Amino acid sequence: MSPDALFLVAAPVIGLAIGSFLNVVIHRLPRMMEAEWRAQCAELEGREPPKAERYNLLVPRSRCPACSKPLRVIDNIPILSYVMLRGKCAFCGTRISLRYPIVEALTAVLSALVAWRFGWSAAGLLALVLLWTLIALTFIDADTTFLPDDLTLPLLWLGLIANLWNTFAPLPEAVIGAVAGYLILWSIYWLFKLATGKEGMGYGDFKLLAALGAWFGWKMLLPIILLSSIVGAVVGIALIALARRGRDIPIPFGPYLAAAGFIVLLYGNAIASRFLPF
């Protein structure tokens, strides 16, 4: 079996395991951020930070949020455990969110697409890291409307490092893309705030677009912005019309940026050559 074929077979299997870990990141990272903010606030106020058990991406073991029973190894098999348990906790019978197998399946399928597109190569491995980070950012932003610096900033630097060898774009274009990506949304943010007195997006969106600019170069910024805006507008209108979501309820923009970034990862050159011939 050729390296490319082996990579195509291995990618979705590894993707399942990574998807299981991403579920941990999606659940725990916002709580870790909140605990850190509470500690900083207490320090600024001259108080002792609240005592809490050690809590990070590895400790404590995964447990049921309802009964707090630690999960067994057999309960943590991606997708299969959910099916075997019929979507319920093995100890208390509480419903397990469908989000968990969805993230695992999505990570596996999209990892296979990346392996098919890039084959066994440095670009393929880097593209997987980009994909996995975008998935984590998508679901964290959907849940909390936050895009953590712990993910966006390393993603930006990794994109610049990857393009030292022109992996996805020439390095000068990547540097300009990072700067322009941040400044474009930063400018839109301030224009909107000056015109309406409201904040239309968060700083995490600036950093995510800067990261995508670092990966794909400044030429891909317009396709990313157009794709994310179109998808965001369609989903936003659908939520208002069908789910009766209030117009004043903020809709996170990060998932649409992430989706557009993934589309550009796979088809960026074709999109640019067809719609942006200049």
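All residue numbers refer to positions in the sequence shown, counting from 1. It should be emphasised that the depicted structure is a prediction, and the values quoted were computed from it without experimental measurement.
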Task: Stepwise salt bridge (charged side-chain N to carboxylate O under 4.0 Å, His left out) check, Lys69 with Asp75 - done: CA-CA 11 Å; Lys69 289 279 190 181; Asp75 300 327; over 6 Å; no

TODO: Test side chain to side chain contact (heavy atoms under 4.5 Å, CB included) on Leu125 and Phe118 and set out the steps.
DONE: CA-CA 9 Å; Leu125 295 174; Phe118 292 97; over 6 Å; no

In residues 11-18, what donor-acceptor pairs under 3.5 Å come from side-chain atoms, sequence neighbours left out?
none

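Here Val59 is tied into one hydrophobic group with Leu58, each link being a pair of ILVMFWY side chains closer than 4.5 Å. Here Leu80 is tied into one hydrophobic group with Ile74, Ile77, Met84, each link being a pair of ILVMFWY side chains closer than 4.5 Å. Counting side-chain heavy-atom gaps under 4.5 Å among Ile, Leu, Val, Met, Phe, Trp and Tyr, the cluster of Trp165 also holds Leu156, Trp157, Leu160, Ile161, Leu164, Leu171, Val175.
Looking at heavy atoms from C-beta onward, Ile140 lies in side-chain contact with Pro30 at the 4.5 angstrom threshold.
Looking at residues two or more places apart in sequence or on another chain, you find a salt bridge (Lys or Arg N to Asp or Glu O under 4.0 Å) between Arg38 and Glu34. Every residue two or more places apart in sequence or in another chain was checked for a ring pair (Phe, Tyr, Trp, His ring centres under 6.0 Å) with Trp132, and none qualifies.
Close placement of the Tyr189 and Phe206 rings is indicated, their centers lying within 6.0 Å of each other.
Proximity of a side-chain donor or acceptor of Asn76 to a complementary backbone N or O of Val73 within less than 3.5 Å is not detected.
For the pair Arg117 and Tyr267, the cation-pi test (distance below 6.0 Å, angle within 45°) is failed.
Listed here is the closest heavy atom pair of Leu266 and Leu113: CD2-O, 4.3 Å.
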